[in-house]
Protein chains: 2
Amino acid sequence: MSPRRSDPRTRPALVDIAARLLAEEGPRALSTRRIAAEAGTSTMVVYTHFGAMSELVREMVREGFARLEAYLTRVEPTGDPVSDMALLGRAYRMNARANPHLYAVMFSGASPAGFSLSEADRQHGRYTLVHVVDCAARCFAAGRFRAGDAELVAHQMWIAVHGLVTLELGGYLIDPYDPASLFESQLVSLMVSAGDALDLASASVAASAERVDETFGADLGRSVVGDRRE
Amino acid sequence: MSPRRSDPRTRPALVDIAARLLAEEGPRALSTRRIAAEAGTSTMVVYTHFGAMSELVREMVREGFARLEAYLTRVEPTGDPVSDMALLGRAYRMNARANPHLYAVMFSGASPAGFSLSEADRQHGRYTLVHVVDCAARCFAAGRFRAGDAELVAHQMWIAVHGLVTLELGGYLIDPYDPASLFESQLVSLMVSAGDALDLASASVAASAERVDETFGADLGRSVVGDRRE
DNA sequence: TTTTAAACACAACAGCGTTATGGAATGTCT
DNA sequence: AGACATTCCATAACGCTGTTGTGTTTAAAA
C-alpha cells in the first residue's frame, strides 16, 4: 500500500521556470499553462505539487527572499561596521535591481494574481533583517552609532532603502534626483542619523562603494534583468 | 453628420465604481463584467469609454493621486513649517491607509493586471511633491532646515514615508516596531537629518500630531478601508 | 426628414485557474 | 510472482477573464 513517487527535482524546477518566466516576460507570463508547457507537462503538475497557482507564487517569493539573503550574506564583517552597513544597503538595492519583477511580487501586498503571503512568509521576510541587526550591533560596539536598539536601526535602514528601491523600480526617480545619486546621499544621511559623525560616515560609505566589485563580482544568481514593461 | 453623444457622467461613474470595488472587494473584483454589472450596462461601455481595461485602471490611478493631493492640500501653512512638513507626512500615510488597495495599484510598478503607467502618469505622481517642495523651502526660509535643495529634501521625505507605508500595508511592521511608533520616530529623524535641532523637531512633530484632527476631521473622500486579504 | 457616426447589447473567441475523470506507474504486502 | 493501494499526470470540461466582431439603437447634423 504505497504510492508512486515523483521526481523530487520537479518541484524546484517548476519554481525555477516560474521565476525565469517572471523575469524574462513579466507577470503576465505566470500561468499554469505556460509553466506546464515550459516544463513539457500538463497543467496538473502545478496542482499535484503545489495545490494551487498561488502556492507556487508563494514558493517563488520565498526563493526571492533567499536570493536577497544570498546578497546580504556576501557582505563580510570588516573593521569598519559602518562600511559594512552601507554595503548591506547596496546589496539590498542590487538584489532588487537584479530581480525587479520578483521584488515587486514579494512586496506587492495584495496582487491581482490572487495570492497573499502568510504570516509565516512575512516572518521569513523579517528574518532577513538579522544581518542588518547584527551589523547595527557591531556599529554600537565600535562606538560609531549612538547606543540604542539594533532592531530599530535595522528597521529604519530597511524602510529607507526599500522606499528608494520601490520608487526606483516604479520609475519615479529621474534626472537630477536619479536613484543612484539619491542612494549615495541617503546612505550617508542614514549613518549620520544613527549617530555616526558626518566625515566618518562619508568615508565609510565611500569605502563601501569600493567593496562592491569584489563582494558581488561573481555570478550571484541566474537573475535576468527583466524590463519593467513587457 | 454627427454622432450620438453619451452621458458625460458615465466615464467618471465607471471610475468611481471601479475604485469602490477595489476598496471593498480587492483587486480580484476589478473586471469588465463586474463593473458593467454594477453600472447596469454591458461590458462594451468599458471599451467605448476607455478602449481597454488597463486604461480604466490608469484613470483610477490618477484618481488615486488626486485623493493623495486632496490630503496634502488640507495641510495649511502655519508659522511652524516643520510642523507643516510633519503633517504632510501624516497626510501621506493617512491617504495610503484610507485607500490601501488603490495605493498598492498606484505603486505596484508592473501588476499582473497588465496595466502600466505612462511617463505622463509618473510625472503626475511626481507633481504631487510640489506641496512638500514648497514646505521645504519655507523650512529653509525659517532657518529650521539647513539651506539646500528643496526638491532633494522633498524626495528624501517621500522615500522614507513611502517606504514605511508600503512595508506597513504589506504587513511587515509589527509589535515592538509597529508602523505608528516607527513613523513618529522617523518624522523626527527626517527633520533632524534635514537640519532642524532635535528639540525643535520633536516639538514640531508633536505639534503636528495635535493638528491631525482639525485638519483631517471631515469626510475627506468616500474612501472605504478595504481589508488587506480579501 | 434623411443621413451618419457614435454608443451600446449580444454573442463569440482565446486564454485563465481550477476540477473531475481516468489511466499509468510504483512501492508494499500477500 | 501477483495483487493491491496510492500517487502522478494527461485529457477534458466548467466558469471566469479581457477583448472583438456584428448588428441595432440613438441622437445630432444636413
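Chain naming here is simple, since letters A, B, ... match the order of the sequence lines and numbering starts at 1 in each. When reading the values below, keep in mind they use all heavy atoms of this one structure, side chains included, and skip hydrogens, waters and symmetry mates.
The pair A/Arg126-A/Glu119 meets the salt-bridge criterion, since a charged nitrogen lies less than 4.0 angstrom from a carboxylate oxygen.
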Checklist entry - So A/Thr10 and A/Asp7, side-chain hydrogen bond (donor to acceptor under 3.5 Å, both in side chains) or not? Walk me through it. => result CA-CA 6 Å; A/Thr10 58; A/Asp7 191 340; 5.8 Å; no

Checklist entry - After noting the C-alpha distance and the side-chain angles of B/Glu214 and B/Arg74, does the key distance pass the salt bridge (Lys or Arg N to Asp or Glu O under 4.0 Å) rule? => result CA-CA 10 Å; B/Glu214 62 189 86; B/Arg74 285 229 171 180; over 6 Å; no

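With rounding to whole Å, A/Arg28 atom CZ is found 18 Å from C/dA14 atom P. When the P atom of D/dC16 is taken as reference, atom CE of A/Met53 falls 21 Å away, rounded to whole Å. Atom pair B/Ile35:CD1 and D/dT19:C1' shows a separation of 14 Å (rounding to whole Å applied). Regarding A/Arg33, its CZ atom lies at a distance of 12 Å from the C1' atom of C/dT19, rounded to whole Å. One interatomic measurement links the two molecules: OH of A/Tyr47 to C1' of D/dT11, which rounds to 15 Å at whole-angstrom precision. Whole-Å rounding puts the B/Leu21 CG to D/dT17 C1' distance at 15 Å. Note: CZ (B/Arg11) to C1' (C/dC8) measures 17 Å, nearest angstrom. As rounded to whole Å, 11 Å separates atom P of D/dA27 from atom CG of B/Asp7.
For A/Ser42 and D/dC9, the shortest distance from a side-chain N or O to OP1 or OP2 is not below 4.0 Å. OP1 and OP2 of C/dC8 both lie 4.0 Å or more from every side-chain N or O belonging to B/Thr41. Of the side-chain N and O atoms in A/Thr48, one or more sit less than 4.0 angstrom from OP1 or OP2 of D/dC9. Contact check, B/His49 against C/dC8: a side-chain N or O comes under 4.0 Å of OP1 or OP2.
If you find the closest nucleotide of DNA chain C to B/Met44 and to A/Arg5, the one lying nearer the 5' end belongs to B/Met44.
The nucleotide whose nearest atom lies closest to any side-chain atom of B/Arg4 is, among D/dT19, D/dT25, C/dT19, D/dT25.
Among the protein residues, A/Thr32 comes within range of the nucleic acid bases, having at least one heavy atom under 4.0 Å from a base atom.
Relative orientation of the A/Phe107 and A/Tyr92 rings is tilted, given thresholds of 30° and 60° on the angle between their planes.
Note: B/His162 and B/Tyr103 meet the aromatic proximity criterion, with ring centroids under 6.0 Å apart.
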